[in-house]
Engineer: 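Quick one: the structure is below, questions incoming.
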There are 2 protein chains.
Amino acid sequence: MAERAETGLRSTRQRHAIERALGAARGFRTAQELHDELRRDGVSVGLTTVYRTLQTLAEGGAVDVLRNGEGEVIYRRCTTGEHHHHLVCRACGHSVEVASDDVERWAGETATHHGFTSVTHTAELYGLCHSCSPEGRPGK
Amino acid sequence: MAERAETGLRSTRQRHAIERALGAARGFRTAQELHDELRRDGVSVGLTTVYRTLQTLAEGGAVDVLRNGEGEVIYRRCTTGEHHHHLVCRACGHSVEVASDDVERWAGETATHHGFTSVTHTAELYGLCHSCSPEGRPGK
DNA sequence: GCTTTATTGACAATGATTTTCATTTGCGCC
DNA sequence: GGCGCAAATGAAAATCATTGTCAATAAAGC
């Protein structure tokens, strides 16, 4: 349940294709988008396999996992392993990736203070990007 | 599409019940949890109606909408004032409310830096409370 | 080349949310 | 107080992303 890194894990055509597609993508992709792109590329891979492979990669820390505004799971190849959060525009969906050492520290300290372990956290910012902001008018 | 406040909108038993339940709830609720609580309260309201009413309230800005870690939509009565975050135990569901000035400041600064306005944020911590922690064994 | 066993993938199943549509019911009006 | 219509309700069916099932396939090691 926690030992898998080198145990099994065969090198298959499908896994390579999925990793390549993920690497080629600049941003986040849903499993289905990735599946479509592979099909478009002429690579035949089952949707189930895409889902499963992405999960496996995510467990191994090879990809970042989060959710888009609609609750769908989205994946991205892990950029140097450091994790960050997102600032999303409520109006147009535009998103910016932001670092957040402060939040990481806060999460860790708060959890420890309350005796929690194995802590993960979510922190998303929602607002109106400058293109969507009604200038000079404070929202709501 | 933006004019509805007084147009239609009848005052029904169901809508009142849902609003009351939301007000009584301390934190976020999924539509289904709310539905269960209403049933438990002896109030008969259709699940469909709960979903629809929550959507309507959300559109009107009366409730905050976000998603829990599993991608489910969760609602909370809009408390534009003070807010806090939650540290939730993954295993038993126990939750602790935590203040977080650091996060508030980070959210504000980050948003401003990127030109966003009307920013709100969510920050939830998920972990294992000390009762559920496998002592001495790091998770996963 | 052969065996073992992880992997694959078509299909069924799940579960939250939405849609459909016939019935009910606020609410303004007479 | 009674009518009528559009909004609201809700049970059941439809969606849709995701997960489970399981027989067939194909790496890796011998």
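Since the model is a prediction, treat every value here as computed from it, not as a measurement. Residue numbering restarts at 1 for every chain, and letters A, B, ... go by the order of the sequence lines.
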Engineer: Within this structure, what is the CD-to-C1' distance between B/E70 and C/dT14, rounded to whole angstrom?
Structural biologist: 14 Å

Engineer: Got a sec? Which of residues 32-47 of chain B come in under 4.0 Å of DNA chain C, heavy atoms?
Structural biologist: B/Q32

Engineer: Using atom CZ of A/R15 as one end and atom P of C/dG9 as the other, report the distance to the nearest whole Å.
Structural biologist: 12 Å

Engineer: Evaluate the side-chain proximity of A/E33 to A/Y75: yes if any heavy-atom separation is below 4.5 Å, no if none is.
Structural biologist: no

Engineer: Below 4.0 angstrom from OP1 or OP2 of C/dG9, is there any side-chain N or O of A/Q14?
Structural biologist: yes

Engineer: Between the side chain of A/R29 and the main-chain N/O of A/L22, is any donor-acceptor distance below 3.5 Å?
Structural biologist: no

Engineer: Does a side-chain N or O of B/Y51 approach OP1 or OP2 of C/dT17 to a distance below 4.0 Å, or not?
Structural biologist: yes

Engineer: Verify, without hydrogens or angle tests, whether B/R77 (side chain) and B/A24 (backbone) share a donor-acceptor contact under 3.5 angstrom.
Structural biologist: no

Engineer: Starting from C1' on D/dA8, measure out to CD1 on B/I18 and report it in whole angstrom.
Structural biologist: 11 Å

Engineer: So B/W106 and A/V98, do their side chains get closer than 4.5 Å, heavy atoms only?
Structural biologist: yes

Engineer: When every nucleotide of nucleotides 21-30 of chain D is labelled 5' to 3' by its protein contacts under 4.0 Å (heavy atoms), B for base, S for sugar-phosphate only, - for none, what sequence of letters results?
Structural biologist: B----BBS--

Engineer: Whole angstrom is fine here: how far is it from CD in A/E72 over to P in C/dA16?
Structural biologist: 17 Å

Engineer: Rounded to whole Å, how long is the line connecting atom CD of B/E59 with atom C1' of C/dT18?
Structural biologist: 13 Å

Engineer: Test side chain to side chain contact (heavy atoms under 4.5 Å, CB included) on B/T56 and B/L9 and set out the steps.
Structural biologist: CA-CA 9 Å; B/T56 302; B/L9 265 222; 4.2 Å; yes

Engineer: Enter the distance from B/E19:CD to B/L54:CG here, rounded to the nearest 0.5 Å.
Structural biologist: 10.0 Å

Engineer: At 4.0 Å (heavy atoms only), tell me whether B/Q55 reaches a base, stays on the sugar-phosphate, or touches nothing.
Structural biologist: sugar-phosphate

Engineer: Is any side-chain heavy atom of B/D41 closer than 4.5 Å to one of B/E37?
Structural biologist: no

Engineer: Given A/V45, which of A/L34, A/T12, A/L38 fulfils the side chain to side chain contact (heavy atoms under 4.5 Å, CB included) condition?
Structural biologist: A/L38

Engineer: Just to verify, what does A/R105 make a side-chain hydrogen bond (donor to acceptor under 3.5 Å, both in side chains) with, not counting sequence neighbours?
Structural biologist: A/D102

Engineer: Rounded to whole angstroms, how far apart are CG on A/L54 and P on C/dT8?
Structural biologist: 11 Å

